[in-house]
4 protein chains.
Amino acid sequence: MLDVALYGAGRIGKIHAGNLVRQPGVRLKYVVDVDAAAAAELAQRYGAEVAPVDAPFADPSVGVVAIASSTDTHADLILRAAAAGKHIFCEKPVDLALDRARVCAQAVAKAGVRCLIGFQRRYDPTFAAVKERIVAGEIGEPEMLVVTSRDPGAPPVSYIKASGGIFKDMLIHDFDIFRWILDDPAVSVHAEASCLTDPAIAAAGDADCTAVTIRTRRGRLCVINTSRRAAYGYDQRFEVLGSKGMLQAGNHRPTEVVASTATAVSADLPEHFFLERYRVAYANEMAHFFDALASGKPLRTTVDDGLAALELADAATRSWQEGRIVAL
Amino acid sequence: MLDVALYGAGRIGKIHAGNLVRQPGVRLKYVVDVDAAAAAELAQRYGAEVAPVDAPFADPSVGVVAIASSTDTHADLILRAAAAGKHIFCEKPVDLALDRARVCAQAVAKAGVRCLIGFQRRYDPTFAAVKERIVAGEIGEPEMLVVTSRDPGAPPVSYIKASGGIFKDMLIHDFDIFRWILDDPAVSVHAEASCLTDPAIAAAGDADCTAVTIRTRRGRLCVINTSRRAAYGYDQRFEVLGSKGMLQAGNHRPTEVVASTATAVSADLPEHFFLERYRVAYANEMAHFFDALASGKPLRTTVDDGLAALELADAATRSWQEGRIVAL
Amino acid sequence: MLDVALYGAGRIGKIHAGNLVRQPGVRLKYVVDVDAAAAAELAQRYGAEVAPVDAPFADPSVGVVAIASSTDTHADLILRAAAAGKHIFCEKPVDLALDRARVCAQAVAKAGVRCLIGFQRRYDPTFAAVKERIVAGEIGEPEMLVVTSRDPGAPPVSYIKASGGIFKDMLIHDFDIFRWILDDPAVSVHAEASCLTDPAIAAAGDADCTAVTIRTRRGRLCVINTSRRAAYGYDQRFEVLGSKGMLQAGNHRPTEVVASTATAVSADLPEHFFLERYRVAYANEMAHFFDALASGKPLRTTVDDGLAALELADAATRSWQEGRIVAL
Amino acid sequence: MLDVALYGAGRIGKIHAGNLVRQPGVRLKYVVDVDAAAAAELAQRYGAEVAPVDAPFADPSVGVVAIASSTDTHADLILRAAAAGKHIFCEKPVDLALDRARVCAQAVAKAGVRCLIGFQRRYDPTFAAVKERIVAGEIGEPEMLVVTSRDPGAPPVSYIKASGGIFKDMLIHDFDIFRWILDDPAVSVHAEASCLTDPAIAAAGDADCTAVTIRTRRGRLCVINTSRRAAYGYDQRFEVLGSKGMLQAGNHRPTEVVASTATAVSADLPEHFFLERYRVAYANEMAHFFDALASGKPLRTTVDDGLAALELADAATRSWQEGRIVAL
């Protein structure tokens with residue numbers, strides 16, 4: 001039986017807890033959260049104990065630390081888990097600061113523990129199928145990637161102020177998709193951004209929509225367009241043009257109902273937001289993590305992927321702020 | 001130059017006139033209509049003459065008689081055209097009465113003239129592609145045909161009273177699709193029908209929606225469902241299940257716009273009615289007619305097809321009225 | 001804690017077991033199967049005991065009997081469970097014989113136990129959304145229902161011989177959809193059927209494709225077309241035409257990938273068969289059952305629904321075998 | 001009767017000729033082409049005369065000059081037509097050189113003649129419907145435009161060498177779409193490009209795929225991605241995200257057939273190339289031109305639009321070649 005300590009009993013912590021307890025041979029032993037009530041409720045639900053921050057690191061029965069707490073705690077928990085020789089499952093990002101993320105990556109490497117960073121999109125059935133079909137050669141050589149990534153609505157400005165900015169907070173996922181799908185290092189990044197939904201976001205020094213162009217070493221192009229607002233819901237698409245064709249990953253819908261009325265032929269809106277859209281991805285991600293631990297096979301998304309996506313987000317931020325193309 | 005006399009200057013007559021004059025080597029010489037103003041307007045538009053009913057039959061320069069006048073005039077005009085040795089392009093149906101339609105078919109055969117009956121759906125790009133792909137073996141042996149055929153709204157009851165009933169007026173096209181697509185003679189017909197949109201239709205002895213099942217000699221099944229009313233427009237679909245797959249003919253839309261709003265993801269309604277939906281089919285039909293005349297190749301839809309579809313419509317009418325399965 | 005005894009540890013039994021154990025306050029206490037190994041494996045997986053057939057009925061702690069064993073055992077187990085005052089969750093059908101199914105319905109009523117019959121389609125998110133939207137008036141009065149129901153391939157002839165025939169084995173679900181969606185009693189049934197995929201099915205006295213027409217008391221029409229074989233997988237669609245529009249329930253796909261190559265623009269095949277297609281429906285069905293037990297709210301699919309669907313299947317079988325329209 | 005002189009009897013000249021002769025009150029009087037045989041064939045087909053370059057300008061009966069000859073002749077013909085007081089219908093581009101295009105715009109303005117530049121996409125039913133629906137407020141304020149524009153295959157390198165480069169030759173249409181749809185002046189352009197399909201294109205100093213970002217005065221963003229090669233045909237899509245939703249213009253298909261086989265559910269490829277895709281657009285464009293001449297209403301695409309699109313293409317070319325963001 002593999003004992004797990006979960007840090008974070010909020011929205012995403014609950015999702016991970018539910019997936020954790022379904023893994024064969026895995027037990028949720030501890031739940032840690034500054035919100036004692038939340039920790040207690042989640043712990044009780046799955047027969048776990050509430051613990052203070054330090055305790056799980058000191059418990060030799062704990063083999064895995066799962067981190068779903070706030071972003072500013074990730075690096076510290078990763079470092080402590082690595083030091084304690086625990087394997088790590090950590091929500092993205094590693095940290096908002098590049099140098100600190102590098103320290104984490106080095107610590108993980110030195111400790112020889114496994115560390116999955118939660119780029120859950122790579123575990124989505126649709127996205128993963130596109131990757132597999134590219135690898136299988138279905139569209140020949142990939143040449144261009146177009147990513148569309150839009151949230152249903154902007155988060156509160158208080159959130160945005162602590163978010164690291166739209167490139168690190170929101171596009172970090174899209175940069176990971178870029179790295180995974182094109183599998184060719186970026187040589188330059190150009191980012192344009194604007195603030196159109198709420199002046200308070202601009203006042204906080206951030207943008208709410210972006211257009212990013214990345215050029216790779218082999219001359220492939222990637223275009224990412226994002227917005228903090230889409231009236232129709234969570235828009236998560238990408239398409240890959242290759243020498244022999246195109247693969248498109250489309251949105252998922254709650255149902256397959258089509259209504260034909262006097263005004264239009266209509267389908268459902270996309271799944272509303274990430275908890276719905278990536279429900280299966282989160283489950284697959286957790287299963288993959290424990291499978292990899294058991295089998296010794298490589299993790300699909302490591303701390304190094306977290307670091308690399310952050311480097312792109314950092315470059316994009318500078319490109320936008322300085323109004324220039326950033327070479328990598 | 002091949003001279004044509006057109007009978008009927010109404011809605012469908014105008015469509016045919018426009019297509020006629022685009023055929024190379026073809027001239028619209030006469031327009032005939034009881035509505036003198038309509039005849040004059042159409043004749044003037046294309047540089048033709050208005051003529052009384054008899055004149056074109058007596059003019060040896062006329063090689064083709066095109067019949068787009070009211071249904072009750074079709075048989076008489078076919079007989080006169082055949083007697084005068086003119087080739088015939090005639091809107092469906094041949095006649096509402098089976099015996100009279102048979103007389104027409106015999107007269108055409110005896111005269112040795114060509115006679116196209118306007119089952120325009122066979123000339124529709126989508127429908128014709130399905131037929132070609134079946135013939136090419138793409139779905140193996142066809143086993144089941146499901147036809148959905150719905151009008152945007154019921155015609156006036158005055159029209160319905162003279163229409164011959166829904167099976168002869170509306171389903172005649174669907175019976176032709178059945179014959180064309182499955183290419184296997186019917187051995188039995190069962191028809192159910194109902195009147196749900198307007199009691200006046202029931203009072204006139206007719207129905208406004210139907211469900212027909214046909215069994216063929218080789219045991220294939222065909223299901224036709226129709227309605228006089230579809231709030232969303234003209235619904236013209238069919239699908240063919242074969243041993244190796246399925247081919248579906250879908251509706252055509254005016255544009256390929258998709259709108260995603262706060263309530264739904266919506267596409268255009270289907271093309272509103274037959275004049276829009278079958279615009280290209282009517283043009284293809286006319287081109288096919290003159291190509292066949294010039295090349296001697298067989299017509300895709302002949303007076304015999306008109307007779308055969310009428311026989312099915314007649315059987316379906318009896319099945320419904322007598323509440324029994326009709327053997328053929 | 002509500003203790004459950006599960007009869008049947010086969011394919012569908014495993015599905016139900018997995019869903020059972022996720023219900024809060026529910027415990028899988030016994031697993032019963034003539035295949036001792038299958039029973040042991042499933043029991044062990046969820047910490048249950050293997051039991052002989054009789055034991056659970058005698059155990060007062062057992063509140064629910066879940067029946068997923070072979071069709072010929074359903075009626076007997078229902079009767080014993082009712083006699084023992086246990087609530088019942090039973091896979092369809094109640095029984096292949098109408099009179100025996102009636103006895104079961106009477107026994108359930110007399111015992112005052114709850115009995116859900118597993119018409120899982122009513123719990124499918126897409127199908128349930130159509131029903132809700134009809135009830136909400138989105139398409140006005142329903143007028144016509146077209147059901148398309150095709151399996152990826154025919155079962156072994158040995159299965160077919162014991163199946164009660166295609167109408168009772170396969171269309172029983174479609175008859176239930178008809179009853180649920182149109183909510184208007186059938187007054188007549190016409191069934192046509194054919195055997196096109198395998199002569200051995202005909203030799204066994206059965207058919208492999210069918211076309212059924214049902215007329216309701218209010219004059220609504222329902223058309224069901226089915227086949228035992230669809231090369232492209234499990235085809236589960238229906239559409240409802242109403243006075244104000246149409247609602248269509250489409251197939252579900254494993255992913256939302258679209259591939260554009262030199263030959264076509266292609267999407268995934270439908271979910272392969274019922275275990276994949278109705279995975280969520282089975283989970284919803286089980287949750288609904290225990291919710292209804294806890295709340296006292298009505299069950300969505302009862303033994304009376306099982307009986308009524310069987311009556312339609314019986315009428316359709318007679319219609320086909322006797323070549324006539326059957327009045328109800 | 002309005003007499004027209006057509007310059008250019010090639011592929012696009014034939015399309016325009018066919019549309020010209022269908023306009024009421026319009027006569028094709030002259031056809032001019034350096035290829036005498038092509039000119040003769042086209043002239044004969046529509047009862048026109050073959051003429052040398054100068055003749056039509058000297059013929060006072062000629063009211064309109066239609067220019068469909070090679071790009072390097074456009075400016076000269078525009079200037080001569082303006083000088084002769086003829087209205088002008090001219091294929092894009094005005095000229096490859098910005099200063100020369102400016103001279104043309106000035107000459108047209110000074111002469112007071114009308115001059116339509118053939119940005120035919122604005123006359124496409126799908127694209128025009130998107131524009132109308134934006135103007136009608138359906139998606140609130142437009143915020144982001146994503147244009148995808150891909151040819152089925154690259155033209156010969158000899159063509160590319162004389163084309164002015166991919167931005168002026170291919171993206172000129174996309175820049176026009178940007179101007180038309182967002183209706184907000186560009187303030188900066190960033191262009192990235194690459195050569196992946198054929199090294200000979202790179203050797204000629206050109207690229208075969210591009211990614212362009214435009215920022216407008218009001219902070220809206222436009223992203224254009226293009227490629228000279230798409231294995232699946234001519235890909236012509238754009239989508240507009242607005243404050244209240246999104247409108248997408250999708251590809252057109254030859255038919256609405258969907259095939260479900262053992263491997264996939266497949267639809268037709270998009271219309272193969274611009275002659276097929278924009279067949280209706282070309283017809284609408286010509287009708288619009290003569291309607292505008294007759295009514296005095298403004299032209300939808302003028303020589304000033306031609307100039308403005310060229311300015312963007314010029315800026316994009318410099319952005320790519322100089323590796324910097326170009327301010328406008």
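Since the structure is predicted, the reported quantities are computational estimates derived from the model, not experimental observations. Letters A, B, ... mirror the listed sequences (proteins, then strands); counts begin at 1.
- Of all the listed residues (A:N225, A:T197, A:V212), the one sharing the greatest number of non-hydrogen pairs under 4.5 Å with chain D is A:N225.
- Taking the centre of each ring, D:F127 and D:F238 come in below the 6.0 Å mark.
- Side-chain atoms of D:K92 do not come within 3.5 Å of backbone N or O of D:T71 as any donor-acceptor pair.
- Of all the listed residues (D:I139, D:T148, D:L196), the one sharing the greatest number of non-hydrogen pairs under 4.5 Å with chain A is D:L196.
- Under the 4.5 Å side-chain criterion, counting only non-hydrogen atoms from C-beta, A:R277 is in contact with A:Y234.
- Heavy atoms closer than 4.5 Å to chain A are found in the side chain of D:M144, but not in its backbone.
- For the atom pair OG1 of A:T213 and CZ of A:R215, the computed distance is 11.0 Å after rounding to the nearest 0.5 Å.
- When each of A:R220, A:R229, A:R218 is checked for heavy-atom pairs under 4.5 Å with chain D, A:R229 comes out on top.
- Taking the six-membered ring for Trp and thresholds of 30 and 60 degrees, D:W320 and D:F167 have ring planes inclined between 30 and 60 degrees apart.
- With a 4.5 angstrom heavy-atom cutoff, D:T226 touches chain A only via backbone atoms.
- A:R324 touches chain D through its backbone: at least one of N, CA, C or O sits under 4.5 Å from a heavy atom, while the side chain does not.
- Without hydrogens or angle criteria, A:D206 side chain to A:I166 main chain gives a donor-acceptor distance under 3.5 Å.
- Here D:R237 pairs with D:D235 in a salt bridge; the nearest charged N to carboxylate O distance falls below 4.0 Å.
- In this model, a donor atom of one side chain and an acceptor atom of the other lie less than 3.5 Å apart for A:H252 and A:T126.
- Only the side chain of A:R150 comes within contact range of chain D, judged by heavy atoms closer than 4.5 Å.
- Using a 4.5 Å cut-off between heavy atoms, D:S188 contacts chain A through its side chain alone, with no backbone atom that close.
- Contacts between D:E141 and chain A at a heavy-atom distance below 4.5 Å are absent for every atom of the residue.
- Between chain D and the residues A:G242, A:A193, A:C195, the largest count of heavy-atom pairs under 4.5 Å involves A:A193.
- Only the side chain of D:S227 comes within contact range of chain A, with at least one heavy atom under 4.5 Å from a heavy atom of that chain.
- Contact annotation for A:S243: both backbone and side-chain heavy atoms come within less than 4.5 Å of a heavy atom of chain D.
- Contact count against chain D (heavy-atom pairs under 4.5 Å) is highest for A:L241 among A:L241, A:I325, A:T210, A:V146.
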How far apart are the C-alpha atoms of A:D184 and A:R217, what are their side-chain angles, what is the distance that settles it, and do they pass the salt bridge (Lys or Arg N to Asp or Glu O under 4.0 Å) test? CA-CA 6 Å; A:D184 188 18; A:R217 195 175 292 166; 5.6 Å; no
